[in-house]
Amino acid sequence: MGPTGSGKTDLAAAIAATLPLEIVSVDAAMVYRGMDIGTAKPSRELLARAPHHLIDLIDPAERYSAARFLADAKRAMGEIAARGRMPMLVGGTMLYFRAFQSGLARLPAADARIRLELDARAARAGWPALHAELARLDPAAAARIRPGDRQRIQRALEVIELTGAPISAQQREDLRGAASSADLCLVLAPEDRAALHGRLESRFQEMLRRGLLDEVRALRARGDLDADLPSMRLIGYRQLWEHLEGRANLESAAEKAVIATRQLARRQLTWLRAEPRAEWFDALDPGTPERVAARIDRWRRGQ
């Protein structure tokens, strides 16, 4: 585990080359196909050396959820174990790690902001119109809910907004966690936070040089994506979409993206500091890769 920009992908690939491990991505951004630069997705060369599970799963027009991650991760781990190897979960999406460790509540708590937005939309278009939207997103739920049942329409749409998954599917899913108390939990994070901030800014500028703006431009040109989709709300994509809409110049958009990335890293570090069993390694220490590999090997051998 670790904050964005800490070098988790490269370290994991190096370790997977020396130990009988397979990488399972724990990243809510890398699941989208065609979104490679802005998600810092591993290069084709790296993926050829160290294949990753749970990358390039869905189209950007689709929604992914922690519940679906949990199901996908369990399946991938079972397949890895069947090959006589061990899974190494790598990423920075802390909600997914929490789902893996503790499972998920069957349904999320109410969200006042989302409910107000749904009420406002219903005031403009009517609850039958929102029911029609629900029929498109969750046909099974819509079939059980009357077009005038404001409360149940609101709840079903709220759950989709909060989780990215239909309420009908979540009611059928096994949402128990998959972690074991014997799992080894490692955190890769720079001890020097200022250095991490510098790396994040440099990384975003490198993304721009590699063509991130063209990547966002191509996504926007598809015509079936909009700025409210979870994929387009990802850091970098959201700010550059605003730039392409003429609401910010490129310099301002880039600055907003870097600030948002730093804020994300801060939230990730706050979550990681609450991990009771995690062992920390300095991402900037040249000796860290060797020490991490040795620690995993000792754990694998039961030492």
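For the single chain, residues carry numbers from 1 onward in sequence order.
Contact record, Asp192 with Leu284: CB-CD1, 4.3 Å, taken as the closest heavy-atom pair.
If you check the side chains of Thr288 and Asp282, you find no donor sitting under 3.5 Å from an acceptor. Side-chain contact check for Arg203 and Thr4: at least one donor-acceptor pair (N or O, by modelled atom type) lies under 3.5 Å. Side chains of Tyr237 and Glu215: a donor-acceptor N/O pair is present below 3.5 angstrom, by distance only.
Linking Ile, Leu, Val, Met, Phe, Trp and Tyr residues whenever their side-chain heavy atoms come within less than 4.5 Å leaves Leu196 and Ile259 in two separate clusters. The hydrophobic clustering, which links ILVMFWY residues whose side-chain heavy atoms are closer than 4.5 Å, places Leu162 and Leu137 together. When the side chains of ILVMFWY residues are joined at heavy-atom separations under 4.5 Å, either directly or via intervening members, Leu212 and Met30 end up in two distinct hydrophobic clusters. Leu219 and Leu250 fall within the same hydrophobic cluster, where Ile, Leu, Val, Met, Phe, Trp and Tyr residues are linked whenever their side-chain heavy atoms come under 4.5 Å apart, directly or through other members.
Surrounding CD of Glu279 are more than 12 heavy atoms belonging to other residues, nucleotides or ligands, all under 6.0 Å away. Heavy-atom neighbours of Glu245 CD from other residues, nucleotides or ligands within 6.0 Å: above the threshold of 12. Atom CZ of Arg44 is surrounded by 12 or fewer heavy atoms from other residues, nucleotides or ligands within 6.0 Å.
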Show me the side-chain donor-acceptor pairs of residues 113-121 shorter than 3.5 Å, one per line, residues at least two apart or across chains.
residue : atom : partner : partner atom : Å
Arg113  : NH1  : Glu117  : OE1          : 3.4
Arg113  : NH1  : Glu117  : OE2          : 2.8
Arg115  : NE   : Glu158  : OE1          : 3.2
Arg115  : NE   : Glu158  : OE2          : 3.0
Arg115  : NH2  : Glu158  : OE1          : 3.0
Asp119  : OD1  : Gln154  : NE2          : 3.0
Arg121  : NH2  : Glu133  : OE1          : 2.1
Arg121  : NH2  : Glu133  : OE2          : 3.3

Side-chain polar contacts of residues 88-104 - donor-acceptor pairs under 3.5 angstrom, sequence neighbours left out - could you list them?
residue : atom : partner : partner atom : Å
Thr93   : OG1  : Ala28   : N            : 2.8
Gln101  : NE2  : Glu275  : OE1          : 3.0

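Counting only distance, with no hydrogens or angles, the side chain of Asp59 and the backbone of Glu62 share no donor-acceptor pair below 3.5 Å. Not one N or O on the side chain of Arg63 forms a donor-acceptor pair closer than 3.5 Å with the backbone of Gly164. Remark: side-chain polar atoms of Asp149 are not paired, donor with acceptor, to backbone N or O of Arg146 under 3.5 angstrom.
Distance CD/Glu290 to CD1/Ile15: 11.5 Å, rounded to 0.5 Å.
Arg300 places none of its side-chain heavy atoms less than 4.5 Å from the side chain of Arg295.
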(request) Please step through side-chain contact (heavy atoms from CB on, under 4.5 Å) for the pair Tyr32 and Thr39, ending with a clear verdict. (result) CA-CA 9 Å; Tyr32 295 109; Thr39 62; 5.8 Å; no
(request) With salt bridge (charged side-chain N to carboxylate O under 4.0 Å, His left out) as the test, would you mind laying out the steps for Asp56 and Arg33 before giving the verdict? (result) CA-CA 5 Å; Asp56 291 334; Arg33 293 188 292 269; over 6 Å; no
